[in-house]
There are 2 protein chains.
Amino acid sequence: MSDDPLALERQVCFALSVAARSVVAIYRPLLEPMGLTHPQYLVMLALWGDSPLSVRRLSELLQLDPGTLSPLLKRLEAIGYLRRERDPADERSLAITLTESGQALRAEALKIPPAVVAKLGLPIEDLQRLHTSLTQVIAAAS
Amino acid sequence: MSDDPLALERQVCFALSVAARSVVAIYRPLLEPMGLTHPQYLVMLALWGDSPLSVRRLSELLQLDPGTLSPLLKRLEAIGYLRRERDPADERSLAITLTESGQALRAEALKIPPAVVAKLGLPIEDLQRLHTSLTQVIAAAS
DNA sequence: TACCAATAGTTGGTGTACAAACCATTGGCC
DNA sequence: GGCCAATGGTTTGTACACCAACTATTGGTA
């Protein structure tokens, strides 16, 4: 390996970007039949875990800008997976809830993680270790 | 930790996406004085390592779509860091070369990696280990 | 109670990111 | 030499992603 500190192959951030894009690319064909993109899938995961959620709360959970979530949520509403209603207790806030269809999708989604792990073909322990490292980095970067 | 296979905090891909975005966010204020975004910085790294490069070659090196690179390269040309000229040997191909200004920028860029490592505050060995894991994942996903 | 800073979402602008359609050049091959 | 599939880039359309500016509601406080 090169000793140049600016060598492309030495940059952790480059590896991080490429890895993220590559893994998202594995999800793409798996999510396509469900009509979801990867960020949309993450929103659904959050809502399957806890509902209703506000845009603010989603933004914290997914570490995404509200300005990114706003149109994304409208698209999920348009395809019928969720509802966006004002919270009666605080009219500023949105109460985002799953529709029947959105609830039902969870059964399909259960197939996704094993399919991804199979495609990657890496030992679970490696993935676990990676997850731990990534969590460290996220904590350090925030 | 939850035993739900769809729990957000268990998804490696979620951690990967958030980590990538978080680390890019660390670069942002460092690159801003140079007038570069993170992907543009990666292109510059590639060119500092080897020049001239074609769009095709850059696309392989950075694992980015030519359709993504095309406008990005025009922006880098517009701010004067590189030149896009047809390769006389093959008029289909672009020969992308650095300008004086682009060459000179390398000296500034040398400050970036240590600054990022400092901001992260993680031991180098951890980053090295992470890099190894990521390289594995990239290989597995391709 | 009337103001006003804080909070929740939305919108608009710039820059990726990818897929598909497109255009020009090239290199075989009859 | 002339056709034609392959190759290299560009363009278009959709969807993030972030920032800054904006609107509407809320809650404290003079």
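No experiment lies behind these values; they were computed from the predicted model shown.
Rounded to whole Å, the distance from CG on Leu31(A) to P on dA19(C) is 14 Å. When the P atom of dT16(C) is taken as reference, atom CG of Leu76(B) falls 8 Å away, rounded to whole Å. The nearest whole Å value for the distance from the NE2 atom in His38(B) to the C1' atom in dT14(C) is 18 Å. What separates CD of Glu91(B) from C1' of dG27(C) is a distance of 15 Å, to the nearest Å. The nearest whole Å value for the distance from the CG atom in Leu53(B) to the C1' atom in dG8(D) is 15 Å. Per the geometry, CG belonging to Leu58(B) stands 13 Å off P belonging to dG8(D), to the nearest Å. Regarding Leu72(A), its CG atom lies at a distance of 12 Å from the C1' atom of dT14(D), rounded to whole Å. With rounding to whole Å, Leu16(B) atom CG is found 16 Å from dA17(C) atom C1'.
The shortest side-chain heavy-atom distance between Leu130(A) and Val12(B) falls under the 4.5 Å cut-off. Using a 4.5 Å heavy-atom cutoff, the side chains of Arg56(A) and Ser93(A) are not in contact. By the 4.5 Å heavy-atom criterion applied to side chains, Ile138(A) and Thr135(A) are not counted as neighbours.
Nearest to the side chain of Lys74(A), among dT25(C), dT11(C), dG9(C), sits dT11(C). Closest to the Gln40(B) side chain, of the nucleotides dT10(C), dA8(C), dT16(C), is dT16(C). With dC18(C), dT25(C), dA15(D) as the choices, the nucleotide that has an atom nearest any side-chain atom of Thr37(A) turns out to be dA15(D). If you check dG9(C), dA6(C), dT10(D) against the side chain of Ser54(A), the one that comes closest is dG9(C). Here the nucleotide nearest the side chain of Arg56(A), chosen from dC18(C), dA8(C), dT26(C), is dA8(C). For Arg21(A), counting side-chain heavy atoms from C-beta on, the closest listed nucleotide (dA8(C), dC18(C), dT25(C)) is dC18(C). When distances run from any side-chain atom of Arg75(B) to the nucleotides dT10(C), dC16(D), dT16(C), the shortest one goes to dT16(C). Distances were taken from every side-chain heavy atom of Leu94(B) (C-beta onward) to each of dT26(C), dT10(C), dT10(D); the shortest belongs to dT10(D). Here dT26(C) is the nucleotide among dC18(D), dT26(C), dT10(C) with the atom lying nearest to any side-chain atom of Asp90(B). Set against dT7(D), dA17(D), dC18(C), the side chain of Pro39(A) has dA17(D) as its closest nucleotide.
When heavy atoms are screened at a 4.0 angstrom cut-off, Arg84(A) is found touching the sugar-phosphate backbone but no base atom. Counting any heavy atom pair closer than 4.0 Å across all strands shown, Leu64(B) reaches sugar-phosphate atoms only and no base atom. Across all strands, Ser93(B) comes closer than 4.0 Å only to sugar-phosphate atoms, never to a base (heavy-atom distances).
Between Tyr27(A) and Tyr41(A), the ring-plane angle classifies as tilted under the 30° and 60° cut-offs.
Using a 4.0 Å cut-off between a side-chain N of Lys or Arg and a carboxylate O of Asp or Glu, Asp65(B) and Arg21(A) do not qualify as a salt bridge. Under a 4.0 Å N-O distance rule, the pair Lys74(B)/Glu77(B) does not qualify as a salt bridge.
Proximity of Ser70(B) to the phosphate of dT10(D): a side-chain N or O atom is located under 4.0 Å from OP1 or OP2.
Heavy-atom distances to DNA chain C give each of Arg28(A) and Leu73(A) a nearest nucleotide, and the one nearer the 5′ end belongs to Leu73(A).
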